[in-house]
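We count ligands from 1, going down the list as the structure has it; atoms in each ligand are counted the same way. Residue numbers start at 1 and run along the sequence shown.
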Amino acid sequence: MTSVDRYDAIVIGAGIAGMYQLVRLRELGLSVRVFESGSDVGGTWYWNRYPGARFDSESYSYGYSFSDELLQEWEWSEHFAPQPETLRYLNFVADKFDLRKDIRFESRVASATFDEAESSWKIETEDGRRARATFLITAVGPLSAPTLPSFEGMEDFRGESHHTARWPHEPVDFSGKRVGVIGTGATGVQVIQEVAKTAAHLTVFQRTPNWCAPLHNAPIDANTQAEIKASYPEIFRRCRESHGGFLHSPDPRSVLEVSAEEREAFWEKRYAEPGFGIWMGNFFDILVNQDANDLMSEFMRRKIRERVKDPEIAEKLTPKNHGFGTRRVPLETGYYEVYNQDNVLLVDVLEAPIQRITPKGVKTRDAEYEVDILIYATGFDAITGAFDRIDIRGQGGRSLREKWADGPRTYLGLQTVGFPNLLTLVGPHNAATFCNIPRCIEQNVDWVTKLLSYMHDEGFGHIEPRREAEEDWTKHVYEIASLTLLSKAESWFTGVNQNLPEKKRTFLAYAGGSPAYGAKCDEVAASGYDGFVLR
Ligand code: NA7
């Protein structure tokens, strides 16, 4: 060891992507070091410890698929596992594959600089540790840079306050407490329905309501467990063939071609089924045709009215500025019924905005709401945020943050011109950003591993995309997005976060689906990496 440790590859992040990338690179015989800011493995599942955090993907469709032994050893207890179980699973994986010995924890990478003379990357952590590697692989996660509002007085609040993605490791007791939650995205919905069970009083500060659908979670019984273990190849085949890597695929019929009775029956069935079927397994055109989407949104509107007793509250909970499924659909268990409880108050902060945080609570235009605990479920600087928090400098000292300031430009969401040997797992414009994420992570990691193996065999030490390839891919990403209604809504997919006014509205994910994306990646590899320059 010198003062600067040298490796073949440095991976940033020990979540699902970083852990799997480590497994694969070790198999190639490469020296690898993973840097992780947390004190242990797990990424998303390490940080998001808020009460109520759980999968919206079927547990058995979410775990790693690469090891049959692991699949047979691990047992999920519920169809949609809670966060503590997922974190236990990831720890189990880390133990089984002895991953921790190559991971440096509590090491946040502050900067990464490309050294043109050596064609390698130098990184420095916040605590001054330096390392160097030929390849820099980011596994930083698409939703890992939490954002807080910038209300005046936040630091003067006298109670306890937490962002959901920075939840304490010790349990927070809500009994007898007045709790406030700001935010009603997928996270807010999960935390609200859980806190409402024990808090003395809960005030929900909602700006934009979302279309929420029932999760229908249940424990997995012994027979089902055996069936799951016997059918993993089939489970993963179905995921591979579906647009978003889920067990749900769209119905090929148009909403507009079936009778009113038929579509009602279909939607009732989907509403009563577990998971994302109502989003990913709906009529194919609800996400591309406004008329089709309007009908679906009307169905969901009726459901809210049926479940929420007070019609005025039901109205407040009904989205007005976007159609069903055009933003991430929160899955819920009794969420709407929470608003029938006497101890729960819904405050519409679109109507009466939050003006400041006071020592005692939250002050809106109309009133001050006193709380003992304040929960910020206010989301993330999505997809590009975790990159922006590292000072990444490529050829000529060019900053990645500056390059992507008007929106990311990539080739396959895996590389970007001017930053050779930097590979961005689950990066912007990568199908993994709109996916049952481990399924697409495995695709990304396997592709990168094959690339590194090819480069080793062919004697290449340098890879970067051609400018035309980057332009074509970026254009394709925006064209595909423009065909969907997702591109019309304000959401983290489109880079809209009102706490980040400088962030440009673009489309950050890839909406063309993981099968098409996977096929394109395979084609590029088979052609000897068409679109890339290898030296
Ligand atoms: P989201 O989906 O970005 O939701 C953040 C929520 O916080 C959303 O309801 C926001 O309202 C609200 N918010 C943010 N800032 C404010 C301020 N200043 N005032 C009032 N309300 C605010 O993040 P999540 O963590 O729920 O979900 C992220 C993903 O993680 C999710 O899609 C899953 O895939 C897992 P807004 O909509 O901006 O009006």
Q) W404 side chain to R409 main-chain N or O, any donor-acceptor pair under 3.5 Å? A) yes

Q | Shortest protein contact, atom 30 (O) of ligand 1 (heavy atom only) | A | L143 CD1, 3.5 Å

Q. Can the positive tip of R166 be found less than 6.0 Å from the middle of the six-membered ring of W47, inside 45° of the ring normal?
A. yes

Q) Which residue owns the protein heavy atom closest to atom 9 (O) of ligand 1, what's the atom, and how far is it? A) T184 N, 2.9 Å

Q) Quick one: do R307 and E337 make a salt bridge, cutoff under 4.0 Å? A) yes

Q | Test: K303 cationic atom under 6.0 Å from Y271 six-membered ring centre, within 45° of axis | A | yes

Q) Taking heavy atoms and a distance under 4.0 Å, where does N499 meet ligand 1: side chain, backbone, both or neither? A) side chain

Q.
I need the contact type for V496 against ligand 1. Using non-hydrogen atoms and a strict under-4.0 Å cut-off, is it side chain, backbone, both or neither?
A. neither

Q: Go through the structure and list residues passing side chain to side chain donor-acceptor pair (under 3.5 Å) with E85, not counting sequence neighbours.
A: S77

Q. Using a heavy-atom cut-off of under 4.0 Å, does the side chain or the backbone of Q206 touch ligand 1, or both, or neither?
A. neither

(Q) Among G185, A165, P330, which one puts a heavy atom closest to atom 4 (O) of ligand 1? (A) G185

**Q.** Within the 6.0 Å centroid threshold, strictly below: Y510 and W473
**A.** yes

Q) Which bit of F205 gets closer than 4.0 Å to ligand 1, counting heavy atoms only: side chain, backbone, both or neither? A) neither

Q) In the protein, what heavy atom is nearest to atom 37 (O) of ligand 1, and what distance, to one decimal place, separates them? A) R327 NH2, 2.9 Å

Q: Give the residue, atom name and distance (to 0.1 Å) of the protein heavy atom nearest atom 34 (O) of ligand 1.
A: R328 NE, 3.0 Å

Q: Check ligand 1 against P149 and write out every atom of the ligand that is under 4.0 Å from a heavy-atom position of the residue.
A: 18 (N)

Q. What protein heavy atom sits nearest atom 24 (P) of ligand 1, and how far away is it?
A. T187 OG1, 3.2 Å

Q. Is it the case that R49 places NZ or CZ above or below the six-membered ring of Y46, under 6.0 angstrom from the centre and within 45 degrees of the axis?
A. yes

Q. Among all protein non-hydrogen atoms, which one is nearest to atom 12 (C) of ligand 1, and what is the separation to 0.1 Å?
A. G183 CA, 3.6 Å

Q) Does ligand 1 have any atom that is closer than 4.0 Å to a heavy atom of Y376? A) no

Q: For atom 20 (C) of ligand 1, grab the closest protein heavy atom and report residue, atom and distance to one decimal in Å.
A: I182 CG2, 3.7 Å

Q | Exceeds 12 heavy-atom contacts within 6.0 angstrom, atom CD of E152 | A | no

Q. For atom 7 (O) of ligand 1, which of A377, G188, S150, G379 has the closest heavy atom?
A. A377

**Q.** Protein residue, atom and distance nearest to atom 13 (N) of ligand 1, heavy-atom basis
**A.** R207 NH2, 3.7 Å

Q: Please check if the distance between the ring centroids of Y89 and W76 is under 6.0 Å.
A: yes

Q.
If you take the nearest heavy atom of each of L148, V191, T208, which one is closest to atom 36 (P) of ligand 1?
A. T208

Q: State the atoms of ligand 1, each with its element, that fall below the 4.0 Å cut-off from a heavy-atom position in F151.
A: 17 (C), 18 (N), 19 (N)

Q. Going by distance alone, is a donor N or O of one side chain under 3.5 Å from an acceptor N or O of the other, for S37 and E106?
A. no

Q) Would you call E315 and K320 a salt bridge, taking side-chain N to carboxylate O under 4.0 Å as the test? A) yes

